[in-house]
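The figures that follow rest on heavy atoms only: side chains count, while hydrogens, waters and symmetry mates do not. Fair warning: this is a prediction, and the values are worked out from it, not measured in the lab.
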Amino acid sequence: MNSLFSKFEGVFDPSSREVELLSRIDPTKLPRHIAVIMDGNGRWAKQRNLPRVAGHRAGISSVRTIVETAARLSIPVLTLYAFSAENWKRPRDEVNTLMALLKEYLRKELSTIHQNDIRFKAIGRIDELPSSVQKELKFAEEETRNNRGTRMVVALNYSGRLELVDAVNHLLKNRTRYPISEEDIENSLYTGGLPEPDLLIRTSGEMRVSNFLLWQIAYAEIYVTEVLWPDFRGIHLLEAVLEFQRRERRYGGIRSPSFQSTR
Ligand code: IPE
Ligand code: IPE
Ligand code: MG
């Protein structure tokens, strides 16, 4: 029995596959940061002859479960890609619904997030979002700022390239010493101060990163599952973590039993 079980008491049936997966997870080798490209809502809806927005609505249950599961696993950082800077290209109705769902999620879930000691943070060009959304995000950040559990990071109007543009502009504006270092750039990213993702999950089978955390995923382990986001549950997160623990991370070094990463 490992220490993870106590955190899931009453959540999973003792004879369930989730509990079997939990027993195989090494609690000392958990990813410090899991980043998720939540994809496949539209296809999920299409399979059911429903409008795309029904897929987005269904995806909220997955967000709720994954945040809760990550918090129980004590994953320090969970970043969710919710809306890219390119997603404005979608029909206005779909964009409006996504913004409305985000506000609804925050209003309904903030107390649970807070109770679970989760600290909320939004990343991306937040100042370009509708002001009502910005208000809700600020409130969530303020409310949870003293929490010490999982950091829940939501990427909104996010683009990895624009994040780098913003970082470089920030450095220029603050007349950072020349030449700049990797550390200078890292500290100027929206994710400055957070560990970089160890595990990047993409649902719905697409084999691309779609402008997500381009700098930060340099050495992330990539896990793509065919499961569509609205079907993604705790069991799938546990499977991804187990697969992560089977990977050998070399960071450009060579395979060696004594190999220790320096990152
Ligand atoms: C992901 O699902 C949600 C967002 C990008 C906002 P999609 O809406 O991209 O779903 P598919 O890829 O069309 O199935
Ligand atoms: C990436 O998914 C963005 C989010 C999940 C928020 P997309 O569905 O927008 O990505 P592409 O267009 O398939 O690359
Ligand atoms: Mg998609």
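- Note on V153 and F139: separate hydrophobic clusters, where clusters join Ile, Leu, Val, Met, Phe, Trp and Tyr whose side-chain heavy atoms are under 4.5 Å apart, directly or indirectly.
- Remark: R148 CZ is packed, more than 12 non-hydrogen atoms of other residues, nucleotides or ligands lying under 6.0 Å away.
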Verdict with supporting geometry, T150 and V77, side chain to side chain contact (heavy atoms under 4.5 Å, CB included): CA-CA 6 Å; T150 295; V77 187; over 6 Å; no
Steps toward side chain to side chain contact (heavy atoms under 4.5 Å, CB included) verdict (F232, V36): CA-CA 11 Å; F232 197 86; V36 188; 5.6 Å; no
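- Using a 4.0 Å cut-off between charged nitrogen and carboxylate oxygen, E104 and K108 count as a salt-bridge pair.
- Panel note: side chain S62, backbone P230; a donor-acceptor pair is recorded below 3.5 Å.
- Annotation for R161: atom CZ does not count as buried by contact number, only 12 or fewer foreign heavy atoms lying within 6.0 Å.
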Derivation and outcome, side chain to side chain donor-acceptor pair (under 3.5 Å), residues Y105 and R107: CA-CA 6 Å; Y105 170 81; R107 264 187 236 127; over 6 Å; no
Side chain to side chain contact (heavy atoms under 4.5 Å, CB included) between Y81 and L156, worked out: CA-CA 7 Å; Y81 199 6; L156 290 161; over 6 Å; no
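- Hydrophobic clustering (side-chain heavy atoms under 4.5 Å, transitive across Ile, Leu, Val, Met, Phe, Trp, Tyr) keeps Y223 apart from I37.
- Two residues are said to be in side-chain contact when any heavy atoms from C-beta on lie closer than 4.5 Å; R145 and E142 meet this criterion.
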Residues R151, L78; criterion side chain to side chain contact (heavy atoms under 4.5 Å, CB included); working and verdict: CA-CA 6 Å; R151 299 286 304 258; L78 174 73; over 6 Å; no
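- Within the 3.5 Å criterion, the main-chain N or O of E163 finds no donor-acceptor partner in the side chain of D166.
- Checking each of I75, V154, I118 against V67 for a side-chain contact (heavy atoms from CB on, under 4.5 Å) leaves exactly one that passes, namely I118.
- Contact of the V209 side chain with the L200 side chain is registered, since non-hydrogen atoms from C-beta on lie closer than 4.5 Å.
- Side-chain heavy atoms closer than 4.5 Å link hydrophobic residues (I, L, V, M, F, W, Y) into clusters, and following such links, even through other members, never connects L189 to I123.
- A side-chain N or O of H56 and one of N41 form a donor-acceptor pair less than 3.5 Å apart.
- In this structure, I180 and I185 have side chains that are in contact, with non-hydrogen atoms separated by less than 4.5 Å.
- For E186 and Q216, the side-chain atoms include no donor-acceptor pair closer than 3.5 Å.
- L228 and S204 make their closest contact through CD2-CB, 3.5 Å (heavy atoms, listed as atom of the first residue, atom of the second, distance).
- Looking at heavy atoms from C-beta onward, L213 lies in side-chain contact with P197 at the 4.5 angstrom threshold.
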Pair R202-S210, side chain to side chain donor-acceptor pair (under 3.5 Å): steps then yes or no: CA-CA 10 Å; R202 183 164 188 153; S210 301; 2.8 Å; yes
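- Residues N147 and F120 fail the side-chain proximity criterion, which asks for heavy atoms closer than 4.5 Å.
- For K46, the NZ atom sits in a loose shell: 12 or fewer heavy atoms of surrounding residues, nucleotides or ligands are nearer than 6.0 Å.
- Salt bridge absent: E94 and R92 never bring a charged side-chain N and a carboxylate O closer than 4.0 Å.
- A donor-acceptor pair under 3.5 Å is formed between the side chain of W229 and the backbone N or O of G59.
- Residue-environment remark: CZ (R246) exceeds the threshold of 12 foreign heavy atoms within 6.0 Å.
- In this structure, the side chain of E221 does not engage the main chain of F244 through any donor-acceptor pair within 3.5 Å.
- Looking at residues two or more places apart in sequence or on another chain, you find a salt bridge (Lys or Arg N to Asp or Glu O under 4.0 Å) between E239 and R17.
- Here the shortest heavy-atom pairing between F212 and I217 reads O-CD1, 3.8 Å.
- To the nearest 0.5 Å, the span separating CZ on F12 from CG on L238 amounts to 5.5 Å.
- Interatomic distance, CG of N157 versus CG of L162, reported as 8.0 Å (0.5 Å rounding).
- Using a distance-only test at 3.5 Å, with no hydrogens or angles considered, no donor-acceptor pair links the side chain of R119 to the main chain of E141.
- Between D39 and T203, the side chains place no donor N or O within less than 3.5 Å of an acceptor N or O (distance only, hydrogens not considered).
- Hydrophobic clustering keeps L171 apart from L214 (ILVMFWY residues linked when any side-chain heavy atoms are closer than 4.5 Å, directly or through intermediates).
- Of the possible donor and acceptor atoms, one in the side chain of Q245 sits under 3.5 Å from a partner among the backbone N and O of D26.
- I25 has its side chain within reach of L30: a pair of non-hydrogen atoms, C-beta onward, lies under 4.5 Å apart.
- At least one cation-pi condition fails for R90 and W88: the charged atom is not both under 6.0 angstrom from the six-membered ring centre and inside a 45 degree cone around its axis.
- Side-chain polar atoms of T97 and R57 form no donor-acceptor pair below 3.5 angstrom.
- Between the OG1 atom in T144 and the CD1 atom in I113 there is a gap of 7.5 Å [rounded to 0.5 Å].
- Looking at L237 and I201, their side chains come closer than 4.5 Å, going by heavy atoms from C-beta outward.
- D13 approaches S16 most closely through the heavy-atom pair O-OG, 2.6 Å.
- The shortest non-hydrogen separation linking P31 to V241 is CD-CG1, 4.1 Å.
- Nearest heavy atoms, V19 versus P14: CG1-O, 3.4 Å.
- Under the 3.5 Å distance criterion, the side-chain polar atoms of R64 are left unmatched by any main-chain donor or acceptor of I60.
- Of the inter-residue distances, the one linking I235 atom CD1 with E20 atom CD reads 9.0 Å to the nearest 0.5 angstrom.
- Interatomic distance, OG1 of T65 versus NE2 of H236, reported as 11.0 Å (0.5 Å rounding).
- How far CD of E183 is from OG of S188: 10.5 Å, rounded to the nearest 0.5 Å.
- Across all their heavy atoms, S61 and R233 have their closest contact at CB-NH2, 3.6 Å.
- Environment of NZ in K7: crowded, with over 12 heavy atoms of neighbouring residues, nucleotides or ligands closer than 6.0 Å.
- Side-chain atoms of H33 come within 3.5 Å of backbone atoms of P195 as a donor-acceptor pair (strictly under, hydrogens ignored).
- Ring centroid separation for the pair F83 and Y158 does not come in under the 6.0 Å cut-off.
- L199 and L22 end up in the same hydrophobic cluster when Ile, Leu, Val, Met, Phe, Trp and Tyr side chains are linked at under 4.5 Å.
- For the 3.5 Å distance criterion, the side chains of N116 and E68 fail to qualify, holding no donor opposite an acceptor.
- The closest donor-acceptor contact from the side chain of T191 to the backbone of L194 lies at 3.5 Å or more, if one exists at all.
- Remark: R247 engages E243 in a salt bridge, criterion side-chain N to carboxylate O under 4.0 Å.
- The backbone N or O of R32 sits less than 3.5 Å from a side-chain atom of D198, completing a donor-acceptor pair.
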